[in-house]
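Below, all heavy atoms of this structure are taken into account, side chains as well, without hydrogens, waters or symmetry copies.
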Amino acid sequence: MEEKQRLMYEPGTSMYKSKYTESTTTTSLQELTESECAPFFVSIPSLDVSSKRHLVRLGLLSNEDSTTIQLLRKKHGAYLRRALYKKDVQKLAGSFVSLDSSRPWMIYWTLHPLDLLDDIPDEDTLVGIVYTLEVCWTNVNGIDDSLGGGFSGGVGQLPHCAPTYAAVNALSIIAAFDAEEYPRATKLALD
């Protein structure tokens with residue numbers, strides 16, 4: 001086994017990104033993926049001046065001598081917020097109809113990185129998100145709220161632990177925002 005492991009992983013090399021003790025279908029697919037992606041990864045110091053200038057123009061490098069890629073926070077934030085800024089937050093765009101049963105997940109997957117980027121949407125958007133999650137709530141027997149319930153993936157669907165997990169995480173993110181800056185949204189998220 002030791003010989004097999006030594007052949008599959010050599011510390012200090014970039015031949016394999018992961019260390020595994022046994023070759024499986026998954027590890028073979030991982031190796032294939034890594035080899036397919038390898039041509040797209042280059043050493044920044046080895047780039048020609050024209051390529052470095054291009055990366056500076058894009059905002060990925062601070063200057064031509066830099067070797068550290070910068071995160072384009074504003075562009076990432078703008079891309080993420082597009083999913084939240086709809087006149088009717090409860091209505092999905094045509095290209096997202098197949099994700100109708102994943103609304104709490106889409107909200108969580110959008111809010112979490114925005115929270116990490118410290119690029120919080122405006123309060124009206126946050127209130128709209130809470131209302132969207134609210135319509136995904138379903139009581140256990142459909143009538144009595146005292147028995148509890150859960151969140152469904154979308155309006156009129158059955159509650160399930162997965163969308164409930166995503167909805168609770170999204171509401172927790174909103175509830176953790178500054179209550180003075182987002183009074184309506186944080187109060188609604190806690191109710």
Problem - Glu180 CD: over 12 foreign heavy atoms closer than 6.0 Å - result: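 Check fails, neighbour count at 12 or below.
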Practice task
Check whether more than 12 heavy atoms from other residues, nucleotides or ligands sit under 6.0 Å from atom OH of Tyr165, and answer yes or no.
Solution key: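 12 or below, so no.
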Is any side-chain heavy atom of [Y] closer than 4.5 Å to one of [X]?
| X | Y | result |
| --- | --- | --- |
| Tyr108 | Ile173 | yes |
| Asp115 | Phe177 | yes |
| Cys37 | Phe41 | yes |
| His112 | Asn169 | no |

Please tell me whether [X] and [Y] are part of a single hydrophobic cluster in this structure, the criterion being side-chain heavy atoms less than 4.5 Å apart.
| X | Y | answer |
| --- | --- | --- |
| Val42 | Ile69 | yes |
| Tyr79 | Leu58 | no |
| Leu117 | Ile174 | yes |
| Leu190 | Leu171 | no |
| Ile129 | Tyr131 | yes |

Ignoring hydrogens, what is the shortest heavy-atom contact between [X] and [Y]? Give both atom names and the distance.
| X | Y | result |
| --- | --- | --- |
| Pro45 | Thr67 | CG-CG2, 3.8 Å |
| Ser152 | Thr138 | OG-OG1, 4.1 Å |
| Pro104 | Pro163 | CB-O, 3.5 Å |
| Pro121 | Leu114 | CG-CD1, 4.0 Å |
| Leu111 | Ala170 | CD1-O, 3.9 Å |
| Leu126 | Ala185 | CB-CB, 3.6 Å |

Handout entry: Ion pair check, Arg73 and Asp118, cut-off under 4.0 Å
Key =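 Answer for the salt bridge query: no.
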Handout entry: Cationic N near anionic O, under 4.0 Å, Asp65 to Lys52
Key =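 A salt bridge is absent here (no side-chain N lies under 4.0 Å from a carboxylate O).
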Can a donor-acceptor pair be found, under 3.5 Å and without considering hydrogens, that links the side chain of [X] to the backbone of [Y]?
| X | Y | value |
| --- | --- | --- |
| Thr110 | Leu80 | no |
| Glu123 | Arg184 | yes |
| Ser66 | Asn63 | no |

Within this structure, what is the [atom1]-[atom2] distance for the pair [X] and [Y], rounded to the nearest 0.5 Å?
| X | Y | atom1 | atom2 | value |
| --- | --- | --- | --- | --- |
| Leu47 | His54 | CG | NE2 | 11.0 Å |
| Leu60 | Leu71 | CG | CG | 9.5 Å |
| Asp119 | Leu116 | CG | CG | 11.5 Å |
| Arg53 | Leu61 | CZ | CG | 13.0 Å |
| Thr132 | Ile107 | OG1 | CD1 | 5.0 Å |
| Ile44 | Leu55 | CD1 | CG | 7.0 Å |

Exercise for the section: Could I get the full list of side chain to side chain donor-acceptor pair (under 3.5 Å) partners for Ser51, not counting sequence neighbours? Expected result: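 By the side chain to side chain donor-acceptor pair (under 3.5 Å) rule, Ser51 matches Asp48.
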